[in-house]
Structures are given as C-alpha cells and as structure tokens.
Amino acid sequence: MKCYNCGCDLSGHDYCTGCGADVSLYKKIIYISNRFYNEGLEKANVRDLTGAISSLRQSLKFDKYNIEARNLLGLVYFETGEVVAALSEWVISKNWQPKKNIADDYIDMIQTNPTRLDTINQTIKKYNQALAYCNQESMDLAIIQLKKVLSLNPKFIRAHQLLALLYINSEEWEKAKKELTKCIQIDANNTVTLRYLKEVDEMLLPEDGMKTGNKKKKRSEEVVKYQSGNETIIQPVNIKEGKGIGSLLNLGIGLLIGIAIAVCLILPARIQTAKAGINDDLRLVSEQLDSKNATIDELEQQVNELREANQTLEQDLDAYMGNDGGVQVYDTLLKAADAYLTDAEDIVTVADYLEEINEVTKEQGEGAEYSEAYEKLYNTLLALIGPAAADSYYDEGFEAYRGENYQDAIPNLERAYQYDATNGEALYYLANSYNSVGRKEDAIEAYRLVIELFPGTVKASKSETFLAELEGTD
C-alpha cells in the first residue's frame with residue numbers, strides 16, 4: 001500500500017514513515033474497498049453478476065484507483081452483454097495505470113477485431129431499433145429485432161429480458177420462461193429476471209391446475225361408480241335401466257335431439273371455429289408479410305446507404321488521386337526526402353526529384369493545392385539543398401557557356417538561378433545563352449531582370465546594351 005501524500009510504502013503504523021502523514025483513515029478506506037472487491041469476486045464466481053456489479057461499484061466508490069476492481073467490473077459487464085460499459089471501465093483503468101495493465105489485452109481483444117467491433121455496433125443499433133418498435137407498439141417487429149440481437153450477442157441480458165417481456169405481453173408464457181431461464185444461466189440473481197420469472201410461474205401453475213381439475217371433473221361426469229359387495233360397478237350416466245319399447249323410444253328421441261343439436265348448434269360452432277382458424281392464419285401470414293416487408297425496407301435502406309457511402313468514397317479517392325498527378329507529386333517528394341536522408345551529399349539526385357515535382361505542378365496550374373505538411377517538407381528540402389545545388393548547376397552551366405554549348409548551358413543556368421535568386425552571373429549568362437540560340441523573348445525578359453535586380457553593376461550595364469539592340473530590331 002502506498003502513501004497518498006508521498007507515495008512511500010506504508011508500514012504497520014498509523015502514520016507514513018516517509019512524510020509523517022496520518023494514514024489511519026486512509027488504510028480503513030482501502031481495506032473497505034478491497035473487501036468489497038473480494039465480495040464482488042466471490043459473487044462473480046457463482047454467476048451472481050448483479051450482486052458482483054453492486055459490490056464492485058461500492059469498491060470503486062471508496063477507491064477509484066482500485067485497478068483490479070475496475071477490470072473485474074469491466075469483465076462482468078462484458079459477460080452480461082454490456083460491451084460499451086465494459087470498454088468504458090477498461091479505458092479508465094488504462095488511464096489510471098498505463099503500464100502492466102491487463103485492460104490493454106481486453107481492449108485489444110475487441111478493437112483489433114473489426115468483425116467483432118462491427119457485431120457490437122450492429123447489436124446496439126438493432127436493440128435501439130427494437131426499443132423504438134416497442135414505443136410504436138409494433139411488438140412483432142420488436143421481437144424480430146431482438147432475435148437478431150441475440151443471434152449476434154447471446155449473452156445480452158437486457159435483450160433477453162425485453163424479449164421475455166414482449167412474450168409476457170402476448171401471453172406466450174412458455175417462450176417467456178425460456179428466455180428468462182437463459183437470463184438466469186448468465187446472471188443467477190438478477191432482480192428484474194426474478195420478478196418476471198415469478199409472474200410467469202404464477203400464470204403457468206394455475207393453468208395446469210385448472211386443466212387437471214377439468215379433466216377429473218369431466219371424467220367424474222362421464223361415469224357413475226358404485227360398490228356392490230367386493231366389486232365396483234361402473235355405469236354410464238346416460239344409460240337407463242329401462243327395457244323394451246320405452247328404451248327404444250327414448251333412444252329414438254335422443255337420436256333426433258342429437259341430430260337437431262348437431263344441425264343447430266354444433267355445425268355453426270364448427271363453421272365459426274373454422275373461420276376463426278382461417279382468420280388466425282391470415283393474421284399470421286399478414287404479420288409475417290409485414291415483418292418481411294420491414295426487413296426488405298431495412299435492407300433497401302442499407303443498400304442505399306452503402307451506395308451513397310461508396311459514391312462518397314469514390315469521390316474522395318478521385319479527389320485524392322486526382323487526374324493531374326497529385327499522388328505522383330507526393331510520391332516524388334518522399335523519394336527526394338529518402339535520397340537526402342540516405343546520402344546528404346547526393347545533391348543532384350534530390351534536385352532532380354524537385355525538378356520533376358516542379359514540372360508536374362506547372363502542368364497542374366494554379367488550381368492545384370497540397371497539404372501543409374507537403375509544403376513544409378518541400379520548402380525544407382529546397383532550403384537544405386538550394387545553395388549547394390545552385391553552385392553545382394552554375395558550374396556546369398558556366399562550363400557549357402564558355403564552350404559555346406548554349407543548349408546545354410541553358411537548363412543548368414536556369415536551375416542555378418532557380419535555387420539561388422541572388423546569383424546575378426547565372427541570370428546574365430542565361431540571358432546571353434537565350435540570345436545566342438535565338439530565344440529573343442526569353443533573352444529580353446532575362447536582361448530586364450538583370451537590370452532590375454542588379455542595378456549599377458557591370459552585368460546590368462551590358463544587359464542594357466544587349467536589350468537596346470534586341471528591342472531595336474523589333
């Protein structure tokens with residue numbers, strides 16, 4: 001046990017040997033919390049889950065840092081089908097104790113299994129839909145939804161209880177008792193389950209008694225028994241002891257009366273019973289049809305939702321992929337970063353990747369947009385290799401320029417000026433190269449930039465002369 005004030009291990013004294021704080025009351029609180037935890041553990045072992053939940057909650061009221069009690073409470077919730085409540089307890093437990101906590105395994109068991117997670121979500125949705133059907137008094141649809149819920153999560157006690165309550169409402173006592181028995185197997189001491197089961201048993205036992213009593217009464221009415229010496233004589237009630245013509249006459253009259261009763265009473269009753277049976281069959285078929293129609297509507301709604309989700313995903317994918325090489329730009333930037341991290345001296349390779357990105361972005365135009373992370377990484381790489389790349393391209397371009405190989409000089413001088421806008425020599429020699437290969441418009445623009453950016457220099461003065469010659473030839 002740790003001191004609440006300084007965290008030192010407590011001894012048998014009523015004070016902390018580390019800081020001197022009074023820990024007598026603190027020890028009592030921790031003791032009570034542990035006692036409730038042990039009580040909850042004992043109840044959980046005998047499947048008294050309701051009692052276990054109550055004891056573990058009391059334990060956490062006294063010590064919210066009792067990790068064992070909180071993890072066990074999550075397990076009890078999970079066993080009763082309350083997955084959301086279980087996850088809540090495990091997440092809290094993990095926040096209190098991030099390391100060496102078995103709650104990590106419980107959470108991973110659910111979250112790392114997409115199928116189980118989807119099943120949990122479907123269970124909650126269908127249970128809520130069943131409640132909505134109950135509020136709308138659509139009991140048959142609610143029963144169907146609850147059966148689907150229990151097929152996904154057979155231990156969901158609240159679903160079993162609600163289904164039993166619906167069976168009680170429709171006076172299907174045997175089915176209700178079956179569901180309540182399943183609840184008892186999961187949680188042996190659930191108060192709601194025991195209350196429902198008591199009502200069901202009270203409705204079942206009197207009915208059996210009435211049936212037994214009616215059979216005995218019926219049998220007693222069918223025969224007459226009397227004792228003659230040591231023998232028991234059984235005689236039908238309706239048989240008379242009369243003989244001769246009187247008996248035959250009575251027999252004939254009884255036969256006529258029986259036929260009249262059959263024609264006037266029994267036959268209409270049979271017809272009415274047959275009609276009632278047909279009506280019951282029609283009602284059952286109608287209920288089944290309504291249920292199937294509801295299922296079809298639900299499936300159609302799910303199909304429409306999936307179609308809309310698919311269209312949204314396709315639009316998002318198109319927006320991400322793009323028709324203008326958006327993914328190519330990101331991929332090339334990652335290659336440039338990898339090349340720099342692999343060999344920081346290989347400036348040319350990184351610069352080639354950045355040039356490839358520039359060509360794609362030029363094709364995309366001004367409408368292309370990229371993420372903030374992309375812009376930051378691109379600018380970082382450009383700043384890291386810019387000076388070295390500018391010097392390298394300038395050296396190659398100037399060598400080609402001196403050898404009067406202007407076609408090879410132009411791309412290198414362009415890149416040198418692109419990476420270092422302060423390099424006036426690169427811009428000046430680039431203008432001369434444009435002029436030498438006959439690219440008049442590009443030469444004029446380059447000379448103007450030299451004059452504008454580097455005024456008062458020799459290269460600006462020479463640029464003015466060349467510019468006047470070019471503009472004079474127009």
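For reference, positions follow the sequence shown, starting with 1.
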Pairs involving residues 76-85, ordered by first then second residue, that meet side-chain hydrogen bond (donor to acceptor under 3.5 Å, both in side chains) (sequence neighbours left out): Arg47-Glu79, Arg57-Tyr77, Glu79-Lys155, Glu82-Arg158
For [X] and [Y], work out which heavy atoms get closest and say how close.
X	Y	result
Ile186	Pro154	CD1-O, 3.9 Å
Trp96	Lys64	NE1-O, 3.5 Å
Phe36	Ser55	CB-O, 3.4 Å
Leu194	Ala188	CD2-O, 4.5 Å

I'd like to check [X] versus [Y] (side-chain heavy atoms, cut-off strictly below 4.5 Å). Are they in contact?
X	Y	answer
Asn189	Lys43	no
Tyr127	Leu162	yes
Trp90	Phe78	yes
Gln185	Thr181	yes
Asn190	Leu49	no
Glu179	Leu150	yes
Glu305	Gln301	yes
Glu298	Gln145	yes

When you measure from the side chain of [X] to the backbone of [Y], do you find a donor-acceptor pair of N or O atoms at a distance under 3.5 Å?
X	Y	result
Asn310	Leu306	no
Asn304	Glu300	yes
Thr119	Thr115	yes
Asn38	Asn34	yes

Whether Tyr393 and Tyr419 hold their rings parallel, tilted or perpendicular, with breakpoints at 30° and 60°: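 Judged by the thresholds at 30° and 60°, the geometry between Tyr393 and Tyr419 is parallel.
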Residue pair Val91, Lys94: steps toward the side chain to side chain contact (heavy atoms under 4.5 Å, CB included) verdict: CA-CA 5 Å; Val91 169; Lys94 184 177 179 181; 5.6 Å; no
Ile278: partners by side chain to side chain contact (heavy atoms under 4.5 Å, CB included), with sequence neighbours left out: Leu282
Partners passing side chain to side chain contact (heavy atoms under 4.5 Å, CB included) against Ile120 (at least two apart in sequence or in another chain): Val83, Ile110, Arg116, Ile124
Side chains of Asn101 and Asn71, donor plus acceptor under 3.5 Å: yes
Exercise: do Ser33 and Asn66 side chains pair donor with acceptor under 3.5 Å: yes
Euclidean distance, [Y] [atom2] relative to [X] [atom1], rounded to 0.5 Å:
X	Y	atom1	atom2	value
Leu56	Arg70	CG	CZ	10.5 Å
Lys292	Ile144	NZ	CD1	10.0 Å
Ile92	Ile67	CD1	CD1	10.0 Å
Leu180	Arg195	CG	CZ	11.0 Å

Salt bridge present between Lys198 and Asp201 (N-O < 4.0 angstrom): no
Cationic N near anionic O, under 4.0 Å, Glu174 to Lys178: no
